[in-house]
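What follows is one structure encoded as structure tokens, with my remarks underneath.
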Amino acid sequence: MLIANERRDRLGLLAQVVADLGHEVIAREIDVAEVGTVTARERPDVALVGLGLSSQHALDLIGEIVRESSCPVIALLSAEDAAYVRKAAKRGIFAYILHDDPQGLASAIDITLRRFAEYQNLQGAFGRRAVIEQAKGILMERHRINADRAFGLLREHSQRNGRKLAEVAEAVVESHLLLLPPADDA
């Protein structure tokens with residue numbers, strides 16, 4: 001878990017709360033300029049960003065973590081602040097919680113990890129679907145067939161060879177790229 005806050009004293013307190021909940025803090029960061037690099041290098045499961053003296057600093061931390069990482073961000077507030085939560089949501093937070101509630105934090109972490117896993121599964125499904133559509137298009141052009149027949153060819157090859165449909169589609173797309181004429185260097 002990565003924790004970020006502009007106040008160094010808050011990092012220590014939050015690290016203790018997180019450890020007491022049974023999680024490992026793999027990185028602590030204060031500087032906006034460094035948090036993206038640290039996040040990319042450490043690849044945390046979750047990032048917790050505390051709202052310190054400056055809401056802009058916290059929003060910038062959130063923005064950098066989201067830009068550099070494939071982990072969800074939870075915003076930590078000491079008091080309700082609807083305007084900040086709206087801005088943080090636009091930057092990419094998955095949840096927010098009040099600082100003084102360790103059990104609420106534990107629940108927020110659990111829910112966030114589950115929702116993030118669902119989000120990643122959906123992204124993967126959309127990506128696989130896009131590759132399948134590309135492969136269908138290639139087969140349609142190459143064999144002058146309709147979309148249903150192209151999908152049928154992919155499915156039949158998949159079943160006959162014991163490979164996932166998405167793997168077959170990816171192989172079609174990759175091999176098609178190899179067969180394209182080379183681009184002119186002129």
Side-chain angles (χ1 to χ4, degrees), residues 1-5 11 14-15 17-29 32 35-51 55 58-137 147 150-151 154-155 158-159 162-174:
M1 193 164 299
L2 175 134
I3 57 174
N5 193 313
L11 287 176
L14 182 56
V17 169
V18 168
D20 290 346
L21 292 173
H23 297 282
E24 180 185 3
V25 175
I26 59 172
R28 301 177 191 192
E29 194 53 57
V32 172
V35 75
T37 303
V38 170
T39 304
R41 182 181 67 237
E42 299 296 332
R43 304 192 49 80
D45 294 330
V46 176
L48 305 174
V49 176
L51 174 58
S55 63
L59 291 170
D60 290 344
L61 286 170
I62 292 167
E64 287 299 312
I65 292 168
V66 168
R67 186 174 8 268
E68 292 293 333
S69 179
S70 60
C71 78
V73 177
I74 300 173
L76 305 171
L77 290 77
S78 57
E80 291 288 338
D81 185 341
Y84 172 77
V85 170
R86 275 192 303 279
K87 290 177 185 175
K90 288 181 182 177
R91 299 280 176 113
I93 65 167
F94 268 67
Y96 80 95
I97 187 72
L98 297 177
H99 269 288
D100 59 357
D101 184 8
Q103 286 315 110
L105 178 58
S107 295
I109 291 169
D110 183 48
I111 291 168
T112 298
L113 286 171
R114 290 174 192 266
R115 295 297 173 259
F116 191 68
E118 291 171 1
Y119 169 76
Q120 287 182 313
N121 287 339
L122 282 173
Q123 276 192 317
F126 288 140
R128 288 186 300 275
R129 178 72 182 173
V131 171
I132 291 168
E133 290 300 318
Q134 279 184 298
K136 281 173 39 182
F151 184 77
L154 290 169
R155 186 181 58 233
S158 166
Q159 292 171 348
R163 294 178 61 197
K164 292 182 180 181
L165 183 68
E167 291 173 2
V168 172
E170 191 171 316
V172 169
V173 171
E174 286 181 18

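What you see below is based on every heavy atom in this structure, not just the backbone, and it leaves out hydrogens, waters and symmetry mates. FYI, the numbering just counts along the sequence from 1.
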* How would you list, by chain and number, every residue that makes a side-chain hydrogen bond (donor to acceptor under 3.5 Å, both in side chains) with Arg67, sequence neighbours excluded? -> Glu64
* Structure fact -> Rounding to 0.5 Å, atoms CD (Glu170) and NZ (Lys164) come to a distance of 12.0 Å
* To do: Taking all heavy atoms of Thr112 and all of Pro72, pick out the closest pair and write down the distance.
  => CG2-CB, 3.4 Å
* Might you point out which heavy atoms bring Val131 and Ala166 nearest each other, and give the distance in Å? => CG1-O, 4.4 Å
* Asked: Hey, does Ile97 have a side-chain heavy atom less than 4.5 Å from the side chain of Leu77?
  -> no
* Asked: Glu29: what forms a salt bridge (charged side-chain N to carboxylate O under 4.0 Å, His left out) with it, not counting sequence neighbours?
  -> none
* **Residues that Ala135 engages under side-chain contact (heavy atoms from CB on, under 4.5 Å), provided they are two or more places apart** => Leu154, Ala169, Val172, Val173
* Structure fact -> The ring-ring contact (aromatic ring centres under 6.0 Å, His included) partners of Phe116 (sequence neighbours excluded) come to Phe94, Tyr119
* Asked: Mind checking whether Thr37 and Glu68 have side chains closer than 4.5 Å, heavy atoms only?
  -> no
* Report the residues that fulfil side-chain contact (heavy atoms from CB on, under 4.5 Å) with Ser107, sequence neighbours left out, ordered by chain and then residue number. => none
* **Point-to-point distance, once rounded to the nearest 0.5 Å, from CD1 of Ile62 to CD1 of Ile74** => 11.0 Å
* salt bridge (charged side-chain N to carboxylate O under 4.0 Å, His left out) with Arg91: which residues, sequence neighbours excluded? -> Asp60
Show me the donor-acceptor pairs, under 3.5 Å and distance only, between side chains in residues 39-49 and residues at least two apart or in other chains.
from	atom 1	to	atom 2	distance (Å)
Thr39	OG1	Val35	O	2.6
Arg43	NH2	Ser70	OG	3.4

* List for me each residue that meets side-chain contact (heavy atoms from CB on, under 4.5 Å) alongside Gln103, sequence neighbours excluded, and say none if there are none. => Leu21, Asp101
* To do: Taking side-chain contact (heavy atoms from CB on, under 4.5 Å) as the test, write out the residues that go with Ala83, two or more places apart.
  => Asp81, Arg86
* Partners passing side-chain hydrogen bond (donor to acceptor under 3.5 Å, both in side chains) against Asn121 (at least two apart in sequence or in another chain) -> none
* **Minimum-distance pair of heavy atoms, taken over all atoms of Asn5 and Leu61** => N-CD1, 4.0 Å
* Structure fact -> To the nearest 0.5 Å, atom CD1 of Ile132 lies from atom CD of Glu167 at 11.0 Å
* Of all the heavy-atom pairs spanning Ala150 and Lys136, show the shortest one and how long it is. => CB-O, 3.6 Å
* Compare all side-chain heavy atoms of Arg28 with those of Val38 and state whether any distance is below 4.5 angstrom. => no
* **Listed once per pair and sorted, the salt bridge (charged side-chain N to carboxylate O under 4.0 Å, His left out) pairs that draw on residues 113-129, sequence neighbours left out** => Asp110-Arg114, Arg115-Glu118, Arg129-Glu133
* Can you list the residues that meet the side-chain hydrogen bond (donor to acceptor under 3.5 Å, both in side chains) rule with Tyr84, with sequence neighbours excluded? -> none
